[in-house]
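Notes to accompany the following structure.
Both ligands and their constituent atoms are indexed starting at 1 by order of listing.
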Amino acid sequence: MSQESSIEPVLDALVLGAGFAGLHALYRLRENGLKVLALEAAPDVGGAWYWNRYPGARCDVESLVYCYTFSPLLDEGWQWSERYAKRDEIQAYLSWVANKLDLRRDIRFNSRVVSAVFDDRKNLWTIRTEQGDTYRARHFFSAAGPITTPIMPDIPGLKDFKGLVIHTARWPERSPDFAGKRVAIIGTGSSAVQAIPIVAEQCKQLTVLMRTPNFYAPARNRPLTAADYEWWEKNRELTRHRLQNCLRWGGGDIMLDDAINDAMFQKAGEFTPERRREIYEARYANGGGVVGWAFCDAMADPEVNEEAANFLRGKIGTIVTNPRIAEKLTPRGYAYGTKRCTVGTDFYETFNRDNVELIDIKSEPIERFTPEGVVVGGREIKLDVLISASGFDALTGALTSIDLRGTSSESLKEGWAHGPHSHLGISVHGFPNLYMVGGPGSPSVLTNVVMTNEMQVEWIAALISHCEKQGFRRCEATREAEEQWTRHVNDLVKGTLWEHANSWYVGANVPGKPRVILAYVGGYLTYRERCEQERSQGYPGFSFS
Ligand code: N01
């Protein structure tokens, strides 16, 4: 098949994306005997990790559990160099996987999908790319990623600004030289927290334009040693088993002392205040993003949540020397964990530098950009570069930016105008043979995404195999199952702490996006068990024909 041809022969399946989930899906479907291709907008594999090449970009989940487990082939021959892998190392890992599993021959790069239309008569998807190629496939497998569609802030005058403007998720391959430059960064989310310390070291002056302070914990990154790998060889299976059976988040913290780790399965009230403090301290000393999820009721009981929040708030003034700046950086007014806790190295320390200014834009709003800089609180700050670490149209953006049409006249975007609906976050009624990994209504970004992706890829591949074996040409969620699951996802969040924060978890960061919980908050284990039940009962939430 050549990339020049305008219409390809009919495929059994087409995979959207060649990131973590897409590569796995391509491998599994091919192993299952299907004729399958993957389309990838970027010129290489990697997905979100291809695009997010900003200074300091690295994973905030531990490397040892931020990788594939589906093939023993992939446990041999790769060693992570650091506890939290840099973006370049993750990209190299995915490239290594693609080569090792011989996936590249079935990936079409530089192929951004712009439309996908289901032919109701032939039961075929027709998928078109921006480059003008057309593909037809019986099954359409979206592995487009939950945080892949960047958004830019809509600020007056931004178009007139003459300096360089870069979004962290569209960082140029050759990173700009910041030496002698006056730089501003919008945002203090996960990306900004990683970029700020590095850019501050390189540039003349850095202005941080912060709208909402986030909770933050140090990563405590370090090289992985031979002793770590010795430990890992002995504990790999047990660790994976634990993560698979993790009630809720399934994040990192894999080398924590067992007693501290196991407290996560108990309520805070089962421990004395002194012991709770020790547990928070141990988690903080160990590093990582789930310091505050020390007990199972951290997101259910406001008092427990507030204790965790206060613990982290209390650390700020021990690092930031100017109390006024420390106070500005202190997150208040929303519960810990309802906006993603950020993780980094020397983030708070950076605000002790003479060349860094923090502006709280809620009290000193950005008025406008000018050709030379930005006007904030009535004064113009001259700038050479603006970095926008302003986030993503998360979970839904990747699919709603495609003209996706199923059996009704409504596009997916129109159908989701009041909030996404799906069965298990995987299948949408009216869109037969379309499957989503990391979609809205699945636990996705509230878990170790690589682990949840793997589970979903295997589950969807089994569903497709079921269709193939039974000779079904069509498979989609029933309307009833979709309504039930969507209600369940939304009900779970009612009256909880999640409802109130202005986070991208509820779409609050995108003007006009309906305020609806995007990820399933019921936890990884519950979700996995629910999916297993669906499969073992013969897929009662799906209709086949
Ligand atoms: O984006 P964000 P991100 N005017 O949406 C601010 C994953 N990730 O790229 O909080 C002014 O979190 C916005 O302010 P506010 C991870 O899941 C993972 O940092 O909305 N400010 C916020 O401070 C993460 O959560 C890794 O008030 C504006 C920031 O910009 C997700 O990606 C590394 C604004 C956006 O923060 C997104 O992180 C990096 C405006 N108009 C990211 N609009 C790993 O390590 C937005 N902001 C795996």
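- T447 and T452 are linked by a side-chain donor-acceptor pair at a separation below 3.5 angstrom, with hydrogens and angles left out of the test.
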Side chains of residues 163-174: which donor-acceptor pairs under 3.5 Å do they make with residues two or more places apart or in other chains?
unit_1 : atom_1 : unit_2 : atom_2 : d
H167   : ND1    : A169   : N      : 2.9
H167   : NE2    : I151   : O      : 3.2
H167   : NE2    : G391   : O      : 3.2
W171   : NE1    : S175   : OG     : 2.8

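- Listed by chain and number, the residues in a salt bridge (charged side-chain N to carboxylate O under 4.0 Å, His left out) with K315 are E281 (sequence neighbours excluded).
- Every protein residue with a heavy atom nearer than 4.0 Å to ligand 1 is included here: W49, Y54, R58, C59, D60, I147, P153, I186, G187, T188, G189, S190, S191, Q194, R211, T212, K339, R340, I361, A389, S390, G391, F392, W504.
- For residues 353-374, the set of pairs meeting the ring pair (Phe, Tyr, Trp, His ring centres under 6.0 Å) definition, not counting sequence neighbours, comprises F161-F369.
- Centroid-to-centroid, the aromatic rings of W78 and Y93 come within less than 6.0 Å.
- Residues F295 and Y280 bring their aromatic ring centres within 6.0 Å.
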